[in-house]
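Side chains are part of it too, since the values below use all heavy atoms of this structure and drop only hydrogens, waters and symmetry mates.
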Amino acid sequence: HVGDPAWLEAQGLFVAEGRLVLQRLIEYGRFAVDSVLLTEGAFRAIEPRLDPSWLVLVADPAIVDGVTGFKFHRGCLALVHRPSRPLPLSAFARARRLIVLEAVGNPDNIGGIFRSAAALGADGVLLDPTCADPFYRKAVRTSMGAVLRLPFATIDSWPQGLAALGEMGFTIVALTPSAELTVDQFAATLSGDANVALLAGSEGSGLTAAALSAAHTAVRIPVDPRSDSLNVVVAVSIALQRLRLPESSS
């Protein structure tokens, strides 16, 4: 069932594939491993880091491919237990920079955003109920394991739940091409103790009117007028870098 995301979720599991992702899963130590499936070569490479309490299965590559139904695993994948309960918004009360996503349904984009968020100083990611599952296999792989390190939660009441971020002291900054203010202009106004929640929507339709109304301000990234928009991963990455805390404060 490793290729069946609905079955995995129903069982409280997700798939982590690839040697680097498995190594980071072990390094971060945030999730309980159910079992690991490896080719002989992958087993030799990663054996010293495997927990002796895990169920570890070693098989020929052809058997692994036949079991999984896909070939992106690089000879190494694990079944991992999802958290028993989701994180509450209160878990992000001490964050300084958050990414908030609306209707980002592509798992590759979710994974890419997590990868950038982890690299550029974000403390967590919040998602609306229509976003792709960060524990989806491709999202975990594309994030290069950042999904396993960066905390995230779903805001079930959307967009009304965004008000709680304001009450927690966050300035909600909507990222939209229609904004008059550029991200650099906004960044120049930020005080050193400002907490920012960067809000971004899907590539096609962008943020809904309701989500835009819930934001405190809106910013844009200036682009060539012959281009209509940026990929959401690229846009979030640029904006997050511009809004990043000084090294001494992060």
*Please check if the side chain of Arg137 supplies one atom and the backbone of Gly3 the other of a donor-acceptor pair under 3.5 Å.*
no

*List the atom of Phe92, the atom of Pro151, and the distance in Å for their closest heavy-atom pair.*
CE2-O, 3.7 Å

*asked:* Would the distance check show the side chain of Ser157 and the main-chain N or O of Gln160 forming a donor-acceptor pair, the cut-off being under 3.5 Å?
replied: no

*asked:* Tell me whether Ser143 contacts the main-chain N or O of Val140 through its side chain, where contact means a donor paired with an acceptor under 3.5 Å.
replied: yes

*With no hydrogens and no angle check, is any side-chain donor or acceptor of Asp34 less than 3.5 Å from a backbone partner on Val80?*
no

*Could you tell me how the ring of Phe135 sits relative to the ring of Phe31: parallel (under 30°), tilted (30 to 60°) or perpendicular (over 60°)?*
perpendicular

_Looking at every heavy atom in both Ala197 and Val100, which two are closest together, and how far apart are they?_
CB-CG2, 4.0 Å

*Which atom names give the shortest non-hydrogen contact between Leu25 and Ala16, and what distance separates them?*
CD2-CB, 4.4 Å

*Will you find, in the side chains of Asp128 and Thr130, an N or O donor that is under 3.5 Å from an N or O acceptor?*
yes

*Would you call Glu17-Arg74 a salt bridge at under 4.0 Å N-O?*
no

_Whether Arg242 side chain and Val183 backbone form a donor-acceptor pair below 3.5 Å_ = no

_Has Thr142 got a side-chain atom pairing as donor or acceptor with Ala139's backbone, closer than 3.5 angstrom?_
no

_Donor-acceptor under 3.5 Å (His216 side chain, Ile172 main chain)_ = yes

*Determine the minimum heavy-atom distance between Ala210 and Pro159, stating which atoms define it.*
CB-CG, 3.6 Å

*asked:* Under 3.5 Å, is there a donor on one side chain and an acceptor on the other for Asn109 and Glu203?
replied: yes

*List the atom of Ile110, the atom of Leu127, and the distance in Å for their closest heavy-atom pair.*
CD1-CD2, 3.8 Å

*Return yes if some donor-acceptor pair links the side-chain N/O of Gln11 with the main-chain N/O of Leu8 below 3.5 Å, else return no.*
no

*Would you say Asn231's side chain and Val234's backbone share a donor-acceptor pair under 3.5 angstrom?*
yes

*asked:* Determine whether a donor-acceptor pair (N or O, by modelled atom type, separation under 3.5 Å) exists between the side chain of Arg97 and the backbone of Leu243.
replied: yes

*Do the rings of His1 and Trp7 sit parallel, tilted or perpendicular, given the 30° and 60° boundaries?*
parallel

*Please tell me if the side chains of Leu148 and Val21 come closer than 4.5 Å, counting only heavy atoms from C-beta onward.*
yes

_Between Asp156 and Thr154, do the side chains contain a donor N or O and an acceptor N or O under 3.5 Å apart?_
no

